4 protein chains.
Amino acid sequence: MVNHISPINKETRRERRIERQRKVIMDAAAGLFAQKGFQATTTKDIAEAVDMGESTLYGYFSSKRDVLQAILSHQAEMVDALLDNLAELKDRQSFVEQVDRLMEMILSRTVYNRVLIAEAWRDDEVLWAYVISRWQPVMDSLQYFIAVRIKDGIFRPIEPALGARMIVACFIAAIMPVLRGVEAPPSPERRLNLARMIVETISNGLYIQKG
Amino acid sequence: MVNHISPINKETRRERRIERQRKVIMDAAAGLFAQKGFQATTTKDIAEAVDMGESTLYGYFSSKRDVLQAILSHQAEMVDALLDNLAELKDRQSFVEQVDRLMEMILSRTVYNRVLIAEAWRDDEVLWAYVISRWQPVMDSLQYFIAVRIKDGIFRPIEPALGARMIVACFIAAIMPVLRGVEAPPSPERRLNLARMIVETISNGLYIQKG
Amino acid sequence: MVNHISPINKETRRERRIERQRKVIMDAAAGLFAQKGFQATTTKDIAEAVDMGESTLYGYFSSKRDVLQAILSHQAEMVDALLDNLAELKDRQSFVEQVDRLMEMILSRTVYNRVLIAEAWRDDEVLWAYVISRWQPVMDSLQYFIAVRIKDGIFRPIEPALGARMIVACFIAAIMPVLRGVEAPPSPERRLNLARMIVETISNGLYIQKG
Amino acid sequence: MVNHISPINKETRRERRIERQRKVIMDAAAGLFAQKGFQATTTKDIAEAVDMGESTLYGYFSSKRDVLQAILSHQAEMVDALLDNLAELKDRQSFVEQVDRLMEMILSRTVYNRVLIAEAWRDDEVLWAYVISRWQPVMDSLQYFIAVRIKDGIFRPIEPALGARMIVACFIAAIMPVLRGVEAPPSPERRLNLARMIVETISNGLYIQKG
DNA sequence: CATGAATGAGCGTTCATTCAT
DNA sequence: AATGAATGAACGCTCATTCAT
């Protein structure tokens, strides 16, 4: 029976509508921020992109900067969720899977990440709040993974911090042109293949070892 | 016997003075661009940083954008000079040296490079004119280096393009936090050591190979 | 039965309001342009004259030059309408009437015309777009009128082009001080009288002919 | 004997040199003012036109406005000299000569007069100081000439003021396009011919009188 | 006397934000 | 809730003028 609409339902429905609108604005804004940069994007640009009056935006966000913050936060939430589910790195196969999954996640939010990188590159607050604080656990986990294997005599005695950085760098290198918008995103198969090659190279190096 | 002050001397002295002033402005502007971004930096900011009237800047540069271009070009010239001197990649030792030299070069112009990256990240023209067109030879050279070794059975059959990207990524990974301004630059010894570890890892992988 | 306030009414009302505002700005600007010239008049001057914020002007015009263009165009429209209605010059009486009507039209938009003359005096584009291209038909018509009468032996064999120019010059001479703002506009009676004297003098000359 | 150069000579020579330089600057400036208007002409424009440093101009004139004033004054002096020599208007032949001489004088200083008209059109001070006060005697003389002839029954009973205005207007009409820069200056023969036609038309009208 | 360099004042224009409706 | 209109506070840039040399 929906004849009677409770105020609570009404409220939540309204809230959902607002949240939906916020998302629409954020997506449009992210696209523009990615393309032209945050500063160069005007509120008029955003308003036109979502076919609204400029002043209407201020019903959903308190300022242009607030739109950016919302984009970064929203992105951060998704990353957090995914990073929480990062399984322990047991073997090479699971490593490949993790790398593939991370690539997929990042690529599925290309514009958001392009904006994130652009802003983090100059704004220290953004760098700390949305990049370092989020990725530190991953780096720590990677370093631990490496350190343990070095102690066990499985890995060469490289600095774990540098090793972790190189691993991340290799996998980012593969997708950076896509993030930057100068290359098409890879197909899922291609992506998995990339992940395999990256893990293989990082693990065994470029040289074929003579037994 | 020349006149005490020949007109030619006078002219060159004047030119040197102008060039010196341009350099002062470029350095100050690069610092601000790196910190706040090109758009967010005002001509007033730059003028105050070099303690000049705003209009005086326009005696040395024709526009704010012209200051940016000068910074990017100046940087590009240095890169070009260095890339021209890139020796052929013969052995691992020379590889390490090249990586070390590149790191040194990039780190010696930290702010300029930070600006370059920031602008290239959003401005396609900058990306092509100052990054892709300059670095393409390096990437090509690297790919060729890899392809040859794969054919000779020395390297694993990885995609040369991906391999080249990973090599560059690894070496950039080591210095990115310095460029970003969140880490102190490495000492020359430390830098050489980094180069060695990077080349070692890229060459032989993380795993110790069992014979 | 229409809605109390139909959207169409709303829209046209808004449009009328905008048009009214544009007119207010144009009148104030024309006064300033006439007094100090286009270049010497600042957007601040105009804004203060209409008691608006400077930036508000840009909601109605896209640039300072656009205000000028609107003034010139607006004036041009009126002239066009009037010139279209120029009756054929049949006899001296209709000639007087035409001269009177032209004078009235020009004097009714004194400041606009003062601006037009000032700008046409230095800006070739304005001269061609708003003066020559508009008045050429009048001059042509006058020349034709003269040429026919010369052929019929009614007029002296003067150059038609010079004759046309002198006719226009005489009638402009009568009102130029008013346009310039150093003389009060003539009453309608005075104006008609002026027209009569001008046509009389141009027709029969200053000298009383001895039969 | 000029071996001994007196300080007085030196001084006057210096003064002549200065006066010569002032003239060079005024001519260049007048050309620019005529072309682009006073406001739109920059001191840099003028300096470049005379191949001087901008600041050097200030050794000869105290301000940009001062250059304009000098141009207008210089022009006024020449006009004054000529107007003083205006012979009494005795007969039609002398009238034609006067008109021709005035045309020649005005056309020989085309740019100066174009500037004068432009400035007088908006600047009341210029209008009074350089136009009205100079030309009033001419107009008065013309009015008197007309009034006398009306009284003697030679001229039709037109308002002398209007008659004078029409005479001047007719002769200006003939050369205005030259002043404005859209027509080539007439040859001396053509000019004399124009003067004749103008005086003829003004005197006897367009219509051929039937005896 | 000539000038390169410097600059304060001000220009036309933009834009994030506010507010009345 | 939505928006057209308004605007203050800048912005990049120009230019007449000054001044040290």
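Order of the sequence lines sets the chain letters (A, B, ...), proteins ahead of strands, with each chain counted from 1. Scope of the values below: all heavy atoms of this structure, side chains included, with no hydrogens, waters or symmetry mates. This structure is a prediction, so every number in the text was calculated from the model and none was measured.
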Determine, stepwise, if the pair Arg122(B) / Glu119(A) fulfils salt bridge (Lys or Arg N to Asp or Glu O under 4.0 Å).
-> CA-CA 11 Å; Arg122(B) 43 183 59 148; Glu119(A) 294 314 310; 3.3 Å; yes
Evaluate the criterion salt bridge (Lys or Arg N to Asp or Glu O under 4.0 Å) for residue pair Lys36(C) and Asp123(D); output intermediate values, then yes/no. CA-CA 7 Å; Lys36(C) 325 203 288 177; Asp123(D) 187 320; over 6 Å; no
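Across all strands shown, dT21(E) pairs with dA2(F); the Watson-Crick or G-U wobble distances both stay below 3.5 Å. Pairing for dG12(F) is with dC11(E), a Watson-Crick or G-U wobble pair whose two hydrogen-bonding atom distances lie under 3.5 Å.
Listed nucleotides: dA1(F), dC1(E), dA6(F). Nearest to the side chain of Tyr60(D): dC1(E). Minimum atom distance to the side chain of Tyr58(A) is reached by dT18(E), of the listed dT18(E), dC11(F), dT13(E).
A salt bridge is absent between Glu19(C) and Lys23(C); no separation between the charged side-chain nitrogens and carboxylate oxygens falls under 4.0 Å.
Residue Met52(A) contributes atom CE, which lies 16 Å from atom C1' of dG4(F) at whole-angstrom precision. Computed from coordinates, the Arg16(D) CZ to dC1(E) P distance equals 16 Å when rounded to whole Å. At whole-Å resolution of the value, CG in Leu57(B) and P in dG4(E) are 20 Å apart. In this structure, Phe38(B) atom CZ and dG12(F) atom C1' are separated by 10 Å, rounded to whole Å. Per the geometry, CZ belonging to Arg20(A) stands 15 Å off C1' belonging to dA1(F), to the nearest Å. Atom CG of Asp45(D) is separated from atom C1' of dC15(F) by 11 Å (rounded to the nearest Å). Between the CG atom of Asp51(D) and the P atom of dC1(E) there is a distance of 19 Å, rounded to whole Å. As rounded to whole Å, 16 Å separates atom C1' of dA2(E) from atom CZ of Phe61(D).
Smallest separation of non-hydrogen atoms from Ala28(B) and Val50(B): CB-CG1, 3.4 Å.
Residue Arg65(D) is out of contact with every strand shown, counting any heavy-atom pair closer than 4.0 Å. Among the atoms of the strands shown, only primed sugar atoms or phosphate atoms (P, OP1, OP2) are found under 4.0 Å from some heavy atom of Gln21(B). Contacts of Ile18(C) with the nucleic acid, taken as non-hydrogen atoms under 4.0 Å apart, involve only primed sugar atoms and P, OP1 or OP2. When heavy atoms are screened at a 4.0 angstrom cut-off, Thr41(D) is found touching the sugar-phosphate backbone but no base atom.
Distances shown here put every side-chain N or O of Lys44(A) at or beyond 4.0 Å from the OP1 or OP2 atom of dC15(E). Look at Thr56(C) and you won't find any side-chain N or O under 4.0 angstrom from OP1 or OP2 of dA5(F). Checking the phosphate oxygens (OP1, OP2) of dG4(F), no side-chain nitrogen or oxygen of Arg17(C) falls inside 4.0 Å. Checking the phosphate oxygens (OP1, OP2) of dA16(F), a side-chain nitrogen or oxygen of Thr43(D) falls inside 4.0 Å. Listed pair Arg14(C) / dT3(F) fails the phosphate criterion, with no side-chain N or O lying under 4.0 Å from OP1 or OP2.
Comparing Lys64(C) and Ser55(B) against DNA chain E, the residue whose closest nucleotide sits nearer the 5' end is Ser55(B). Sequence order on DNA chain F of the closest nucleotides to Ala40(B) and Gly59(C) puts Gly59(C) first from the 5' end.
If you check the side chains of Tyr58(C) and Ser63(C), you find no donor sitting under 3.5 Å from an acceptor.
Cation-pi geometry between Arg65(A) and Phe38(A) is met: the NZ or CZ atom falls under 6.0 Å from the ring centre, inside 45° of the normal.
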